[in-house]
Amino acid sequence: MSESCGGNCSSCSEACSERKPESLQAQPNPKSKIGKVIAVVSGKGGVGKSTVSAMLATAMQRTGRRAGVLDADITGPSIPKAFGVSECASADEEGIYPAVTESGIQIMSVNLLLEHEDDPVLWRGPIIAGAVKQFWTDVVWENVDYLFVDMPPGTGDVPLTVFQSLPVDGIVIVTSPQELVSMIVAKAVRMAEMMHVPVIGLVENYSYFRCPDCGKCHQIFGKSHLDETAQAYHLPVLARLPIDPAVAEACDAGRVESLDTTELEPALQAILAR
Ligand SMILES: Nc1ncnc2c1ncn2[C@@H]1O[C@H](COP(=O)(O)OP(=O)(O)OP(=O)(O)O)[C@@H](O)[C@H]1O
């Protein structure tokens, strides 16, 4: 240790034995109060990750706890539309305020900062990652018990930034039957291990379609391989959601909060057990 050591390793380049490992975690806005942070991830786009994030937040809000959704899917933001929120976020010298949905869920998305929601976001990776970090550091999350982070698909810049900068308490992996599920889960599990974040479990979307006439279930995308994968990685299957035209309609119409979330109850319980 140098004689002039002030105990601040971040402003010192000396490789002394007292050097403390630096945390890359960002401080939230001083006005924010956030309980647990749950990341919702998928291997590729379109498997229903945003829908599952929105439905989990809806289910959580229904328990009387306060939910929030941080839309980290900057180039494909779908959270405001699913909740039917179109007004811009407001801001003052204390920070940016999330939009609040009909049932009181706080949401923040790049779409709430754009003049027109159909404006494309043509930013490079580091800028996108920086914007997501700002959704943590600059946004005033008011007493959110569970903040769901709708991640962009895959393992790029943004997921890395989220796992390094936010204190993520657990990951929910969303898959679909037609994916190479074992590879997708393997990648997510490896990423979670490297980031020291526990995986809460797996949600399979588009699992089956129940015929409205005869009630028979059809596996439209073929046989699911989720059970074998879940066993191999010692992970629980938290839910299997059917292909349901009502889900697509509700999300398109901005009424995700009107959906029945009973099927997600085991996922909710597993999250609450964290
Ligand atoms: N179980 C379901 N039944 C019917 N439609 C669904 C279901 N889940 C999702 N959808 C619809 O599929 C579309 C894609 O879903 P969503 O946006 O949630 O996917 P995503 O994985 O978040 O995609 P991306 O990562 O590309 O944003 C949406 O229109 C949504 O309403």
Side-chain angles (χ1 to χ4, degrees), residues 38-59 69-85 101 105 107-112 114 117-121 123 125 128-129 131-132 135 148-160 162 171-181 184-185 187-188 191 202-212 217-222 224 226 237-267:
I38 308 295
V40 184
V41 309
S42 69
K44 62 169 189 176
V47 299
K49 171 186 45 61
S50 304
T51 306
V52 170
S53 305
M55 289 176 74
L56 281 172
T58 298
V69 185
L70 188 163
D71 189 355
D73 200 349
I74 299 285
T75 53
S78 32
I79 291 297
K81 184 160 174 48
F83 284 101
V85 171
T101 70
I105 299 169
I107 63 171
M108 180 44 74
S109 166
V110 76
N111 260 12
L112 304 178
L114 300 175
E117 66 166 19
D118 47 6
D119 284 346
V121 174
W123 298 342
I128 294 177
V132 171
F135 286 174
F148 293 92
V149 183
D150 179 16
M151 301 278 264
T155 52
D157 257 359
V158 174
L160 196 58
V162 170
I171 298 177
V172 172
I173 304 174
V174 183
T175 66
S176 67
Q178 79 270 39
E179 282 185 296
L180 294 168
V181 75
I184 303 277
V185 173
K187 278 184 196 282
M191 179 170 69
L202 310 170
V203 171
E204 186 178 69
N205 195 22
Y206 310 132
S207 278
Y208 58 92
F209 175 73
R210 190 187 302 277
C211 172
C217 290
H218 301 273
Q219 293 183 313
I220 306 279
F221 292 119
S224 164
L226 193 65
V237 175
L238 302 174
R240 290 175 201 275
L241 304 178
I243 299 170
D244 182 355
V247 171
E249 274 167 33
C251 289
D252 274 354
R255 288 187 291 99
V256 70
E257 288 160 295
S258 68
L259 287 171
D260 180 0
T261 53
T262 319
E263 308 251 18
L264 282 169
E265 194 54 34

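Quantities reported herein were computed from a predicted structural model and do not represent experimental measurements. Whatever order the structure lists them in is the order used to number ligands and atoms, beginning at 1. Basis for what follows: all heavy atoms, side chains included, without hydrogens, waters or symmetry-related copies.
Counting only heavy atoms from C-beta outward, the side chains of Tyr206 and Val247 never approach each other to under 4.5 Å. Between Phe209 and Pro245 the shortest side-chain heavy-atom distance falls below 4.5 Å. A 4.5 Å side-chain heavy-atom check between Pro152 and Thr75 finds every atom pair outside the cut-off. The shortest distance between side-chain heavy atoms of Val110 and Asp71 does not fall below 4.5 Å. Met151 places none of its side-chain heavy atoms less than 4.5 Å from the side chain of Val158. Considering only heavy atoms from C-beta on, Gln219 stays 4.5 Å or farther from Pro177 through its side chain. Using a 4.5 Å cut-off on side-chain heavy atoms (C-beta onward), Ile128 and Asp157 make no contact. Using a 4.5 Å heavy-atom threshold, the side chains of Pro153 and Asp73 count as touching.
The atoms of ligand 1 that sit less than 4.0 Å from any heavy atom of Pro153 are 25 (O). Taking every non-hydrogen atom of Cys251 and a distance limit under 4.0 Å, the qualifying atoms of ligand 1 come out as 31 (O). Distances below 4.0 Å separate heavy atoms of Gly46 from the following atoms of ligand 1: 19 (O), 20 (P), 21 (O), 23 (O), 24 (P), 25 (O), 26 (O). Those atoms of ligand 1 that come under 4.0 Å of a heavy atom in Ile243, given as number and element, are 3 (N). Short contacts between ligand 1 and Lys49, defined as distances under 4.0 Å to a heavy atom of the residue, involve ligand atoms 18 (O), 19 (O), 20 (P), 21 (O), 22 (O), 25 (O).
Of the protein's non-hydrogen atoms, Ala248 CB, 3.6 Å is the one closest to atom 5 (N) of ligand 1. In terms of protein heavy atoms, atom 28 (C) of ligand 1 is closest to Thr51 OG1, 4.5 Å. The protein non-hydrogen atom at the shortest distance from atom 3 (N) of ligand 1 is Asp244 N, 2.9 Å. Nearest protein heavy-atom contact of atom 29 (O) of ligand 1 is Asp252 OD1, 4.5 Å. At the top of the distance list for atom 19 (O) of ligand 1, counting protein heavy atoms only, stands Gly48 N, 3.1 Å. Among all non-hydrogen protein atoms, the one lying nearest atom 17 (O) of ligand 1 is Ser78 OG, 3.8 Å. Tyr206 CE2, 3.4 Å is the protein heavy atom nearest to atom 7 (C) of ligand 1.
Close N/O approach between Pro242 and ligand 1 is found [any backbone or side-chain N/O within under 3.5 Å]. Ligand 1 has no N or O atom lying under 3.5 Å from any N or O atom of Leu241, backbone or side chain. By the 3.5 Å distance cut-off applied to N or O atoms, Ser42 is not counted among the residues near ligand 1. By the 3.5 Å distance cut-off applied to N or O atoms, Asp73 is counted among the residues near ligand 1. Residue contacts with ligand 1: Val47 is placed with a nitrogen or oxygen under 3.5 Å of a nitrogen or oxygen of the ligand (distance criterion only). Geometrically, ligand 1 and Asn205 share a nitrogen or oxygen pair separated by less than 3.5 Å. Note: no N/O pair closer than 3.5 Å links Gly45 and ligand 1 by distance alone.
Note that CD1 of Ile220 and OH of Tyr208 are 12.0 Å apart. Values are rounded to the nearest 0.5 Å. The distance from the CG atom of Leu112 to the CZ atom of Phe135 is 7.5 Å, given to the nearest 0.5 Å.
With sequence neighbours left out, Asn111 forms a side chain to side chain donor-acceptor pair (under 3.5 Å) with no residue at all.
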CA sep, side-chain torsions, deciding dist, call: Val47, Thr175, side-chain contact (heavy atoms from CB on, under 4.5 Å): CA-CA 6 Å; Val47 299; Thr175 66; over 6 Å; no

